Protein chains: 4
Amino acid sequence: MRKPRDGEDTRQRVLSAAQELFAAKGFAGTSLMDISHRCGISDGLILHHFQSKKNLYRQVLENLAEQYTHNLVQAKESGASPQEMIQQTLSASFNFWKQDTTYQRISLWAYLEGQTELAEKEAYLTAGLFQEVRRLQEQGIMDDRYAPVFLLTLIIGPIHFWLRYRDQFKAILHLPDTADELDHLFLKQLIQLMMEVSHKAS
Amino acid sequence: MRKPRDGEDTRQRVLSAAQELFAAKGFAGTSLMDISHRCGISDGLILHHFQSKKNLYRQVLENLAEQYTHNLVQAKESGASPQEMIQQTLSASFNFWKQDTTYQRISLWAYLEGQTELAEKEAYLTAGLFQEVRRLQEQGIMDDRYAPVFLLTLIIGPIHFWLRYRDQFKAILHLPDTADELDHLFLKQLIQLMMEVSHKAS
Amino acid sequence: MRKPRDGEDTRQRVLSAAQELFAAKGFAGTSLMDISHRCGISDGLILHHFQSKKNLYRQVLENLAEQYTHNLVQAKESGASPQEMIQQTLSASFNFWKQDTTYQRISLWAYLEGQTELAEKEAYLTAGLFQEVRRLQEQGIMDDRYAPVFLLTLIIGPIHFWLRYRDQFKAILHLPDTADELDHLFLKQLIQLMMEVSHKAS
Amino acid sequence: MRKPRDGEDTRQRVLSAAQELFAAKGFAGTSLMDISHRCGISDGLILHHFQSKKNLYRQVLENLAEQYTHNLVQAKESGASPQEMIQQTLSASFNFWKQDTTYQRISLWAYLEGQTELAEKEAYLTAGLFQEVRRLQEQGIMDDRYAPVFLLTLIIGPIHFWLRYRDQFKAILHLPDTADELDHLFLKQLIQLMMEVSHKAS
DNA sequence: TATGAATGAGGGTTCATTCAT
DNA sequence: GATGAATGAACCCTCATTCAT
């Protein structure tokens with residue numbers, strides 16, 4: 001139930017619509033009218049709340065960055081055995097990237113459109129994972145002959161790539177499995193690889 | 001030496017300028033005037049040759065797809081020992097992605113803008129690499145417990161990710177090395193990893 | 001000390017801010033938001049007090065007309081010898097125009113914008129000066145071969161012109177003096193001229 | 001007879017319409033649609049020829065400045081006796097200012113709207129008159145106890161003032177004469193005054 | 001083949017005004 | 001009396017496209 005003159009509610013609806021549309025069509029490809037139409041409000045109202053299109057965009061990115069942080073932090077908790085930790089970390093990462101296509105698309109748009117803020121934040125947060133990796137290396141769980149930044153790249157890079165091209169591969173190679181099944185296989189092999197690399201170290 | 005009324009030459013110059021600009025600013029962000037200005041030709045001439053902006057875009061994508069094929073084919077030759085083959089393949093891949101940022105950016109734009117043609121072609125061509133990988137597996141050079149598609153993902157994914165975030169990592173982690181030095185390190189570790197995975201198989 | 005809900009006080013603050021802004025940027029160039037921002041009040045409050053922007057403008061003009069009258073009346077007092085009277089009148093006029101740039105700018109804006117009310121009032125008030133001049137002429141202090149309206153024009157016209165272009169002349173002629181020094185020189189020469197014209201009469 | 005696609009002709013018509021409208025309503029008060037409507041052309045065409053509204057404005061100002069120069073130069077020619085020279089100069093100046101209200105209004109708008117370019121040019125050109133005045137002073141025709149800049153102010157200032165307020169004075173003082181008759185009287189008295197000041201010098 | 005004049009739709013933004021609270 | 005949410009028109013400007021030359 002929505003009050004007709006609830007500014008905060010309007011803001012939220014605009015942000016949500018903007019996020020979807022920016023994800024779908026990018027900053028340049030989304031017009032304020034697109035957004036206001038989707039919200040059922042007038043053209044000018046968006047700028048009443050957000051001053052400028054650019055600013056609205058920034059707010060969307062900030063929201064996403066927060067979400068990203070939040071998810072990362074959540075993913076980090078838990079304890080258990082070394083192998084379990086690796087498994088859990090990889091699963092969590094994969095699911096994180098798999099779930100929110102909106103986030104990834106906006107992240108890509110921002111990258112291409114030269115909006116570096118988000119990428120910086122991402123990189124900054126990702127950098128936080130280095131500590132984690134280094135700790136695992138010190139405990140002998142992960143192979144310390146590789147630089148932490150490389151191990152991260154080795155985990156997240158394939159995940160990104162896989163999620164982007166998986167459907168096309170499926171089509172071209174005529175794989176009968178569902179997307180979810182393929183994801184499962186992929187994740188299993190990624191975990192297996194990381195395990196092997198880790199054991200090699202010992 | 002260029003004739004004053006050489007339609008073909010004009011076409012090529014437009015295509016080349018369009019490619020650069022679409023790479024830099026995407027389809028929506030590039031105006032025909034941007035392109036005609038960069039070519040030093042008049043406003044209307046582009047559409048005289050290409051009918052519509054969309055059509056020009058398509059032509060650019062097609063050109064790139066051809067280029068891509070060409071580069072991939074070239075990269076494949078070689079002979080030598082198993083280890084050398086792996087090394088060469090990885091180096092070639094890395095350098096291929098590193099050099100042509102134009103291609104990658106347009107590929108990304110096309111992906112986001114829903115222009116699936118290019119992605120399909122890419123996937124199709126990449127699929128060709130599967131054969132290669134499978135052959136290496138049959139020869140016992142690469143580990144055959146992993147699916148070829150996974151091994152490819154494991155190679156190209158990190159490369160993409162690295163090239164995209166490398167500069168930000170460098171900044172955030174205050175790494176003193178140059179980008180080229182970092183690239184060298186990265187490639188070395190990637191090769192090392194692939195070697196180990198391969199040996200493990202034996 | 002200002003009560004939180006003092007309508008009259010708010011009105012005055014709005015009028016004052018509006019006057020400054022209209023003077024600086026004219027009617028078309030000033031937005032109600034400019035004004036409300038400067039007052040530190042909310043967007044809608046101005047129209048709550050003044051119904052429309054046009055109406056607010058009219059109120060500002062009326063206020064200024066009153067102020068103008070008030071200043072003119074004050075300027076007229078004095079006694080003393082004929083020469084001193086001329087001197088005092090010219091000095092007072094000059095300083096009157098020099099000091100209140102706000103008034104003059106709004107007057108000009110109103111003139112250009114076809115808001116004739118203010119100009120009428122001005123002319124009406126200026127006409128009052130005719131009596132003064134005529135009295136001086138009857139007393140033999142001022143030259144009565146010139147029409148009073150001409151003598152007024154001869155005084156006020158140069159003052160206006162001087163105040164408007166003085167700075168530019170200073171820049172172009174590379175005059176080393178300060179604006180105030182130049183004003184002093186100007187006034188001295190204007191007085192000298194009027195004295196001579198008056199003496200010629202006798 | 002106007003060709004339908006004559007760019008230069010269109011430019012001129014836009015400039016002319018813009019000049020009238022800027023004179024009537026100022027820069028801020030004139031919209032590009034006002035101008036395009038008056039010319040019977042589409043909205044975008046103006047910007048095709050003039051890039052931006054500001055730029056169009058600048059062109060109008062430049063045109064006017066040239067006109068101003070042209071008129072000033074023309075006014076300067078002629079020889080004859082000292083008295084005749086003064087008479088001619090004053091008449092020419094007066095008529096110059098009287099004729100082109102467009103020029104004066106735009107000049108005023110520009111002044112108020114902070115567009116200093118025109119005022120600078122004006123001042124610069126006016127400064128050229130100093131030489132003239134100084135020459136007259138050296139020949140003993142004009143009184144050299146007054147600074148040239150002051151003498152100019154004494155001439156142009158009243159003319160401006162008179163032309164601006166003349167009609168209002170006429171109305172308020174119930175003068176029966178026509179505007180032209182009043183102008184004639186005014187000019188006569190101005191000339192008389194300048195003559196006297198000049199003779200006084202001898 | 002090539003130029004550039006002309007159109008018209010759409011985009012971001014400003015702003016006076018209205019109105020629920 | 002005061003706030004600020006909401007509207008809708010107008011404005012400047014960009015741009016793909018058409019067309020006369």
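Within every chain, numbering begins at 1; the chains are lettered A, B, ... in the order of the sequence lines, protein sequences first and strands thereafter. Every value quoted in this text rests on a predicted model; they were computed, and no experiment measured them.
Take the nearest nucleotide of DNA chain E for C/T30 and for D/E8: the residue whose nucleotide is more 5' is D/E8. Heavy-atom nearest nucleotides on DNA chain F were determined for B/F27 and for D/D43, and the one closer to the 5' end corresponds to D/D43. Each of C/K53 and A/M33 has a nearest nucleotide on DNA chain E; the 5'-most of these lies closest to A/M33.
Residue B/L47 contributes atom CG, which lies 15 Å from atom C1' of E/dA5 at whole-angstrom precision. Taking atom CZ on D/F50 and atom P on F/dT14, their separation rounds to 16 Å, with Å as the unit. One interatomic measurement links the two molecules: CD1 of B/I35 to P of F/dC15, which rounds to 11 Å at whole-angstrom precision. Note: CD1 (D/I46) to P (F/dC12) measures 9 Å, nearest angstrom. One can place CD of C/Q51 at 14 Å from C1' of E/dA16, the figure rounded to the nearest angstrom. Across the protein-nucleic acid pair, A/I41 atom CD1 and F/dG8 atom P stand 12 Å apart, rounded to whole Å. Per the geometry, OH belonging to A/Y57 stands 17 Å off C1' belonging to E/dG12, to the nearest Å. Separating the CG atom of D/L21 from the C1' atom of F/dC11 is a distance of 15 Å, rounded to the nearest angstrom.
In this structure, F/dA9 forms a base pair with E/dT14, meeting either the Watson-Crick or the G-U wobble geometry with both donor-acceptor distances under 3.5 Å. In this entry E/dA5 has F/dT18 as its Watson-Crick or G-U wobble partner, both defining distances falling under 3.5 Å.
Among E/dA2, E/dT7, F/dT7, the nucleotide with an atom closest to any side-chain atom of A/L45 is F/dT7.
Residue D/L32 is classed as a sugar-phosphate contact, given heavy-atom separations below 4.0 Å to backbone atoms only. Counting any heavy atom pair closer than 4.0 Å across all strands shown, D/S36 reaches no nucleic acid atom.
Proximity of B/L56 to B/L15: side-chain heavy atoms (C-beta onward) are separated by under 4.5 Å at one or more points. Side chains of A/K53 and A/F27 form a contact here, defined as non-hydrogen atoms less than 4.5 Å apart.
Side-chain nitrogen and oxygen atoms of D/S31 include at least one within less than 4.0 Å of the OP1 or OP2 phosphate oxygen of F/dC11. The side chain of A/S52 contributes no N or O atom lying less than 4.0 Å from OP1 or OP2 of E/dG12. For E/dG4, the OP1/OP2 oxygens have no side-chain nitrogen or oxygen of D/H49 closer than 4.0 Å. Between B/H48 and E/dT1, a side-chain N or O to OP1/OP2 separation shorter than 4.0 Å is present. Phosphate contact (OP1/OP2 of F/dA6, side-chain N/O of A/T10, threshold under 4.0 Å): present.
Look at A/R38 and A/E20 and you find a salt bridge, because one of the NZ, NE, NH1 or NH2 atoms lies within 4.0 Å of a carboxylate O, short of that distance.
Checked by atom type, the side-chain pair B/E113/B/Y57 shows a donor-acceptor distance below 3.5 Å.
Annotation: the span from B/I35 atom CD1 to B/L45 atom CG amounts to 12.0 Å, rounded to 0.5 Å.
Residues C/V14 and C/F50 share a closest heavy-atom pair of CG1-CE1, 3.6 Å.
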